[in-house]
**Student:** 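So that we are looking at the same thing, I have put the structure below in structure tokens.
Values reported hereafter were calculated over all heavy atoms of this structure, with side chains retained and with hydrogens, waters and symmetry mates removed. Labels below follow one simple rule: chain letters A, B, ... track the order of the sequence lines, proteins then strands, and each chain is numbered from 1.
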Amino acid sequence: MTDTPHSTPRIPDPSAKWQARWEEMQLFRAPDVPRPGKKYYVMPMFAYPSGDIHMGHFRNYTLTDAIARKKMMEGYDVMHPFGWDAFGLPAEQAAIKRGLHPEAWTLSNVAQSKATLRRCGISFDWSREVTSCLPDYYKWTQWMFVQLFRHGLAYRKEAEVNWCGSCNTVLANEQAAGGVCWRCGNPVTKKNLTQWFFKITAYADRLLRDIDTLDEWPENVRTLQRKWIGKSVGAEIDFRLADGTKIRVFTTRPDTIYGVSFMAIAPEAPLLAHLPMPAARRAEVDRFVAKAQAQLTVERLANEEKEGVDTGVWVINPVTGGQIPLWVADYVLSGYGTGCLMGVPAHDQRDFEFAKKYHLPIRPVIKVAGSDPSAYEMTAAIEDAGVMINSGPFDGLDGQAGIDAVIAHLEQNGTGRAQTQFRLRDWLISRQRYWGAPIPMIHCAKCGVVPVPESDLPVLLPTGGIDFLPKGRSPLADVPEFMNVPCPSCHAPAQRDPDTMDTFMCSSWYFLRYIDPHNETAPFDRKKAAAWLPIDYYMGGISHATGHLIYFRFFTKFLKDIGWLSIDEPAVRLFNHGMVMDSQGQVMSKSKGNVVSPVDVIERHGVDPVRVAMFFAAPGEREVLWSDSGIVGAERFLVKADQFVRGARVALGRGHFDPDMRFDVGRLTSAERTIYRKLHQTIKKIDRDFAALQLNTCIAAVMELVGELGSGEQLRPELRAVCAAAIVRLLAPMTPHLSEEWWEALGFGPSVFRAPWPVVDEAALSSDMIVIAVQINGKLRGQVTVPADADEKAVIAAVQSEPKLNAHLLGKTVVKTIYVPGRLLNIVVK
RNA sequence: GCGAAAGUGGCGGAAUUGGCAGACGCGCUGGACUUAGGAUCCAGUGGGGCAACCCGUGGGGGUUCAACUCCCCCCUUUCGCACCA
């Protein structure tokens, strides 16, 4: 990125001076316990230390920085902490590539990024910094694991899991969405492994229900979470083989039980091996299962054609007693419901397609809106609710009544019951990688799985002499000094768990550690947590909608249940910032070579002009196509503001003045009144736009004000100085260093962030004359200026006395007039 | 395929939520000051027209005195989810 020699006057960058002052006065140090009702906890998602920070980080953190600073000026005890999400695969991969240890690589990135953030003047309370790969942090990550285990929410099971062959590890369901690895994008395969899971499904109902309370979260995140949790209400129904073997299905439509014409079971279903299939069928089924299992998840998703094989086994419908064939089908998911479904082709489109392909009967049993599907050949399934037909004693029952009646019947006969299913799966937490927090569990031949006693935490990740190259099994398994420990319970020789935890475990509770980062006896102090929580403003990217943002809600609820927290939800408000792209609209990435470093830009222009340019480019939630060209306007504006502020001080002469002095509008000149009104309109606009993080229009408002003020010579010196003091403070969240410099130049101290935020003078807003837009037949024809208290009649009279406007009315009849007080008059004529 | 969001000058974006479309800025054009201008200042800048006016917020319909805004259909882009029984 080249930069032409300077085409605008530079404004001196006072950032180093003020950053040192802030450090000295501990401006950003949050109190241990905030004053009641006066706390404000604002945080960006912590960062993955993958190198130095780029313009995207700069944007995110200057946004929370601006919020934090405004809240300080509004008199809040602000906590604005930061930390490092420092465990995880990329560090390992980068370290392997460079021949470094992941820890060395990670910590050097942390140091580099931190230096840059300090250089940018972000108002983080560095005394609360957390780094998830350090033992004083992951000790408590392990502690969390132990608590989950003790409360029955961490368990081991053999399961078919998502495996990334490139990262050589298992992945959580959330990390394998779409059948590809979240980190490297490689297709995911399935493996049967014994792994640790967190029983997040036990919280599915609460996680879903409480989404309704998150009314300051973006609607799209709430929708994504609802769908991800995916609640389905219905029934489970037991079908039987002739020999009595139960085959259980889940359905949301028990009212279609008379329409079942086949059963379909997932190729992965363990039950398949035990079914009494005829030999010829068995061979064909085995071939089909082998083929399905060899397929990658992505391929299977891409294949819209449903395929299956008849097992030759017959099943009895518990309600009708009818015999139906059991098929293996690749569209049945082994992980959802029971891995087996009842095929109702007439009322489920997937079943319909399957039945068409394999010529299975299609029996309509639901009638919608009077048209009886038995009477014609169906071309698609009817999935809407309707009246039951061809259903024996249930005929005529409608919708929910039909569902309830069938469930009642099933329950009476012990062949089924009401049941709710979730799409959400338990959270697979173990990883076969080195760079993570060791799972604090010990496997003893005699005692089974025993948690490491809390007094023995942390289980240190060995750092010396480890071969951490991925081999598909845990590197720690090959470190005997780590693996071999006495059983905490019987003291016999035992083995540690060789796996490490998913990094999302570290990020599920970091917001709690900020509250009490140096506590050595507990993850955090409950009283401090009660005082600081919940997070008032949480800033992050949309990409975490169904991962981290569900996990940290889960942790919050769990910790509440075990008495550590008193809140149900971790964050009151969530804001998804937009991404920063290069000027072509491409994502910045090292491989593309289009990464812009904030350091370079800041060195050339100073911190605050870059901040202004970034804020001014777009509202906070929108993406920004970054180019240096925006800085030009920012610099011009800041030079003007600088001149105005300094000029105002000079005009006033020496001595103190009250920056919040009110003026009696009646005693101001008309020019002064206009400016005084504009000033308070600006304050009002900024308060409103800031709330939505539309800092672009906040800056535009100040630009307008500065433009209207000009040199300010038309104003009495006191008013001019008051305007200057207001501008300095209104800009302070956006231009913290320059505002400090100006605040000092105006004669105030010690920091503009200890000064009060300007308050709107409502009396200043009113005006004696107002401009009314005039429309004739809905078309804008001009304006009239009338006294502010003019009524409709007076405005009409003003229009008629304006020859240009009146010309439109001559020879016409006024049909009606619409008057929007203070805004607009529309005259409809014929 | 389903869902969500978006589409406004050459560009980034405004529009008090149904009330003067294009605020603010970049860029561009002309002028001033200048040895110079890539500084600064002044003026202009959606399109058409000498003008009165006309047209204009992806396209087409509709509701309304009034539509970027609300409703219906379509197109494009981006992002989620992707057989969840």
Side-chain angles (χ1 to χ4, degrees), chain A residues 4-9 177-179 218-221 223-224 227-228 230-232 234 249-253 256 264 298 300-306 329-333 335-344 347-351 353-354 383 421-425 542-543 545-546 579 583 585 612-613 616-619 621-627 629-634 636-637 639 681 684-685 688-689 694 696-707 771-783 804 807 815-820 822-829:
Chain A
T4 50
H6 251 271
S7 55
T8 41
E219 192 51 52
N220 59 343
V221 173
T223 305
L224 281 170
K227 286 177 81 167
W228 190 263
K231 183 177 185 172
S232 294
V249 300
F250 173 74
T251 178
T252 54
R253 292 297 300 275
T256 62
V298 262
R300 196 133 144 208
L301 291 174
N303 180 18
E304 286 179 22
E305 187 79 1
K306 296 165 183 39
D330 63 359
Y331 74 98
V332 184
L333 302 169
Y336 183 76
T338 61
C340 186
L341 59 80
M342 60 182 217
V344 186
H347 304 292
D348 182 286
Q349 186 58 27
R350 295 154 304 185
D351 297 345
E353 287 162 21
F354 192 77
E383 297 190 327
Q421 279 289 334
F422 290 92
R423 190 182 170 283
L424 185 73
R425 312 291 157 83
I542 181 72
S543 57
T546 54
M579 303 234 293
S583 51
V612 169
F616 191 60
E621 77 278 3
R622 203 168 315 180
E623 78 181 20
V624 164
L625 306 192
W626 175 255
S627 99
S629 64
I631 301 177
V632 176
R636 280 184 196 145
F637 161 62
V639 167
Q681 282 169 345
K684 194 168 183 176
K685 179 171 174 59
R688 196 186 59 225
D689 292 1
Q694 287 179 16
N696 54 333
T697 53
C698 291
I699 291 168
V702 183
M703 285 175 168
E704 261 187 76
L705 176 62
V706 170
V771 176
I772 304 287
V774 178
Q775 297 183 336
I776 314 289
N777 286 343
K779 283 192 196 242
L780 182 72
R781 295 297 178 188
Q783 307 176 324
K804 236 181 113 181
V815 179
K816 79 197 253 200
T817 57
I818 295 101
Y819 180 55
V820 184
R823 285 189 164 283
L824 169 142
L825 175 75
N826 187 11
I827 304 174
V828 184
V829 296

**Student:** With a 4.0 Å cut-off on heavy atoms, is A:Arg425 in touch with a base, just the backbone sugar-phosphate, or nothing at all?
**Tutor:**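 Contact class for A:Arg425: base.
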**Student:** Could you tell me whether A:Lys685 contacts a base, only the sugar-phosphate backbone, or nothing, with contacts defined as non-hydrogen atoms closer than 4.0 Å?
**Tutor:** nothing
**Student:** Looking only at the side chain of A:Trp228 (C-beta and beyond, no hydrogens), which of the listed nucleotides B:rA14, B:rC81, B:rA85 gets closest?
**Tutor:**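 When the side chain of A:Trp228 is considered, B:rC81 is the closest of B:rA14, B:rC81, B:rA85.
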**Student:** Determine the interatomic distance between C1' on B:rU69 and the same-named atom on B:rC20; round to the nearest Å.
**Tutor:**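 One C1' to the other, the span is 15 Å.
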**Student:** Could you tell me how the ring of A:Tyr336 sits relative to the ring of A:Phe250: parallel (under 30°), tilted (30 to 60°) or perpendicular (over 60°)?
**Tutor:**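 Rings of A:Tyr336 and A:Phe250: perpendicular, as their planes differ by over 60°.
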**Student:** Write out a two-atom table: protein N or O, nucleotide N or O from nucleotides 16-19 of chain B, distance below 3.5 Å.
**Tutor:**
from, atom 1, to, atom 2, distance (Å)
B:rU16, O2, A:Arg823, NH2, 2.6
B:rU16, N3, A:Arg823, NH1, 3.0
B:rU16, N3, A:Arg823, NH2, 2.1
B:rU16, O4, A:Arg823, NH1, 2.7
B:rG19, N2, A:Gln775, OE1, 3.3

**Student:** Below the 4.0 Å mark, does B:rC55 have OP1 or OP2 next to a side-chain nitrogen or oxygen of A:Lys779?
**Tutor:**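 Answer yes for this pair, as a side-chain N or O of A:Lys779 is under 4.0 Å from OP1 or OP2.
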**Student:** By the 4.0 Å heavy-atom rule, please label A:Ala701 as base, sugar-phosphate, or nothing.
**Tutor:** nothing
**Student:** Just the table, please: protein N/O against nucleotides 2-12 of chain B N/O, every pair under 3.5 Å.
**Tutor:**
from, atom 1, to, atom 2, distance (Å)
B:rG12, O2', A:Ala617, O, 2.6

**Student:** Distance criterion of 3.5 Å, no angle test: do you see the side chain of A:Gln783 paired donor-to-acceptor with the base of B:rC20?
**Tutor:** yes
**Student:** Using the C1' atom as the point on both nucleotides, what is the distance between B:rA21 and B:rC68, in whole Å?
**Tutor:** 7 Å
**Student:** When you measure from the side chain of A:Glu383 to the backbone of A:Gln349, do you find a donor-acceptor pair of N or O atoms at a distance under 3.5 Å?
**Tutor:**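 The answer is yes, because a donor-acceptor pair under 3.5 Å joins these two groups.
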**Student:** Considering only the P atoms, how many Å lie between B:rA4 and B:rG12, rounded to the nearest integer?
**Tutor:** 26 Å
**Student:** Give me the distance, rounded to whole Å, that separates B:rG47 from B:rG9 when you measure between the C1' atoms they each carry.
**Tutor:** 9 Å
**Student:** Can you tell me if the side-chain N/O atoms of A:Ser232 get under 4.0 Å from OP1 or OP2 in B:rA85?
**Tutor:**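 Checking B:rA85 against A:Ser232, a side-chain N or O does come within under 4.0 Å of OP1 or OP2.
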**Student:** Measure from OH on A:Tyr331 to P on B:rC83 and round the result to the nearest Å.
**Tutor:**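 Nearest whole value for this atom pair: 13 Å.
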**Student:** Out of B:rC24, B:rC20, B:rA23, which has the shortest distance to the side chain of A:Thr697?
**Tutor:**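 Selected nucleotide: B:rA23.
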**Student:** Only Watson-Crick and G-U wobble pairs with both distances less than 3.5 Å should count. Give RNA chain B in dot-bracket notation, marking inter-strand partners with |.
**Tutor:** (((((((..(((......[....)))((((((.......))))))(((....)))..(((((..]....))))))))))))....
